[in-house]
Amino acid sequence: MSISTPLPEDTLTAFANTDTQRLAARMAQDVFASTFRESAATDMAALAERMSALEQQCHNWTQAADSDDGRALRLALLISGLDQWGLAYSQAFNLTALPALTALLGALRNRQDAQAESRFQHYFARLEQLEGDAIDFKVELRRNIHLALWNAMAACESTEQARHILQPLGGMMLAVNERMPQLGWRLLADALANIQVCLLDESGAATPVGRESTQQLFESLQHALPRERYQEIMAYSAQVVMAWQQARRQAH
């Protein structure tokens, strides 16, 4: 599949359009960030209250869809996103458990009756089985995860700190490419393009160690990926960066 190859049809847009999919990815990021912060709380009563409010917020959003399928798909998107954020942070920061996140995911699913749970499982499985399904969600989600970890790496002051993030980040990117043989490279290209934009943007802050680690990340991907695939990724990301530069020039 080349840059010009059209994306396969997203068969889930009838139940979650592009805007809803992207919102689901952003919600997963925001909810995970809130849950991650709350994990450090020492006041258990206050923690339980805040997590209950967060659970209700998630539930309200999933139930706002106008059909049973839409509600099941929203929940599948949200839980998939939270799962992936939790796994990424566990790998990057060597976390053995995220109990607040685990409790939130369980609470959201425990609200469902058997029929709703079956419908949820159907859509959750489709997200993995069909690469083109919810592709806008997948692109937005992986971009946000990879950028969050890259920003953490870019802020590192020591090579040792950066290395602990660099290795799992590179592994995650390669895993996306392997798990999605047709479209994974596009998700990877999007993430790499946005990293390049951050480096070019004057407001972006990266330490010398962070810049060196970024170069190592690109080099490791070049060595690990087939030559043709890496060239496709870089060509696609170059288009994104050029579009950003052109828009920036026009704005000024």
Side-chain angles (χ1 to χ4, degrees), residues 7-36 38 51-91 98 100-149 172-173 175-177 179-184 186-188 190-191 194:
L7 294 173
E9 180 186 2
D10 180 350
T11 63
L12 297 180
T13 53
F15 305 120
N17 61 21
T18 294
D19 290 340
T20 300
Q21 290 183 26
R22 290 174 177 167
L23 177 57
R26 293 193 296 272
M27 277 196 67
Q29 180 177 17
D30 293 343
V31 170
F32 175 78
S34 297
T35 304
F36 191 70
E38 297 296 349
M51 290 306 299
S52 178
L54 198 59
E55 177 200 338
Q56 188 62 50
Q57 175 191 341
C58 293
H59 178 71
N60 290 345
W61 182 74
T62 62
Q63 295 304 298
D66 57 8
S67 69
D68 289 340
D69 287 298
R71 288 184 279 274
L73 178 54
R74 284 193 180 200
L75 183 61
L77 292 171
L78 188 56
I79 286 184
S80 174
L82 290 170
D83 268 343
Q84 291 181 60
W85 272 102
L87 179 60
Y89 265 56
S90 296
Q91 291 176 348
L98 292 169
L101 177 63
T102 301
L104 174 62
L105 295 177
L108 288 171
R109 293 189 60 178
N110 287 339
R111 283 177 174 262
Q112 302 193 103
D113 59 25
Q115 192 172 34
E117 174 66 13
S118 176
R119 193 176 289 112
F120 157 79
Q121 290 182 7
H122 167 74
Y123 284 109
F124 191 82
R126 277 182 62 173
L127 295 178
E128 282 293 320
Q129 293 166 356
L130 299 175
E131 292 186 35
D133 276 359
I135 187 61
D136 291 295
F137 164 79
K138 292 171 182 175
V139 169
E140 183 94 7
L141 178 72
R142 295 314 304 189
R143 176 197 302 146
N144 295 343
I145 290 174
H146 294 151
L147 278 178
L149 295 179
M172 289 174 212
M173 288 181 163
V176 169
N177 181 67
R179 194 168 63 248
M180 300 177 64
Q182 284 187 304
L183 302 178
R186 289 205 181 196
L187 275 66
L188 186 49
D190 177 88
N194 280 275

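Predicted, not measured: the structure shown is a model, and the values here were computed from it.
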Parallel under 30°, tilted from 30 to 60°, perpendicular over 60°: which one fits the rings of Y123 and F15? perpendicular

Approximate separation, where rounding is to 0.5 Å, of R126 CZ and L73 CG: 8.5 Å

So how far is it from R186 CZ to K138 NZ, rounded to the nearest 0.5 Å? 14.0 Å

Side chain to side chain contact (heavy atoms under 4.5 Å, CB included) between D68 and Q115, worked out: CA-CA 10 Å; D68 289 340; Q115 192 172 34; over 6 Å; no

Given the rule in the side chain to side chain contact (heavy atoms under 4.5 Å, CB included) test, do I135 and M180 qualify, once you have shown the distances and angles that lead to the verdict? CA-CA 11 Å; I135 187 61; M180 300 177 64; 4.3 Å; yes

Roughly how far apart are F32 CZ and D83 CG, rounded to 0.5 Å? 11.0 Å

Show your working on side chain to side chain contact (heavy atoms under 4.5 Å, CB included) between E140 and L23 and close with a plain yes or no. CA-CA 9 Å; E140 183 94 7; L23 177 57; over 6 Å; no

Donor-acceptor contact below 3.5 Å, side chain S118 vs main chain A114: no

Test Q21 against D10 for side chain to side chain contact (heavy atoms under 4.5 Å, CB included), laying out the working first. CA-CA 11 Å; Q21 290 183 26; D10 180 350; 2.9 Å; yes

Looking at every non-hydrogen atom in both residues, tell me the closest pair between F137 and S80 and how far apart they are. CE2-OG, 4.2 Å

Minimum-distance pair of heavy atoms, taken over all atoms of L82 and A28: CD2-O, 3.4 Å

What closest approach, in Å, do L183 and E131 show between heavy atoms, and which atom pair accounts for it? N-OE1, 2.7 Å

Just so I know, are the side chains of L54 and Q57 near enough to count as touching, which here means a heavy-atom distance under 4.5 Å? yes

Looking at I145, L141, V139, which one forms a side chain to side chain contact (heavy atoms under 4.5 Å, CB included) with R143? V139

Hey, what do you get for CG (L104) to CZ (R109), rounding to the nearest 0.5 Å? 12.5 Å

Within-4.5 Å side-chain heavy-atom neighbours: D136 and D19: no

Can you list the steps and then say if R119 with Q112 is a side chain to side chain donor-acceptor pair (under 3.5 Å)? CA-CA 10 Å; R119 193 176 289 112; Q112 302 193 103; over 6 Å; no

Measuring from N110:CG to E55:CD, what's the distance to the nearest 0.5 Å? 8.5 Å

Side chains of N17 and T20 only: does a donor on one sit below 3.5 Å from an acceptor on the other? yes

Check whether any side-chain heavy atom of R111 sits under 4.5 Å from a side-chain heavy atom of Q56, and report yes or no. yes

I'd like to know if the side chain of R142 and the backbone of A191 have a donor-acceptor N/O pair within less than 3.5 Å. no

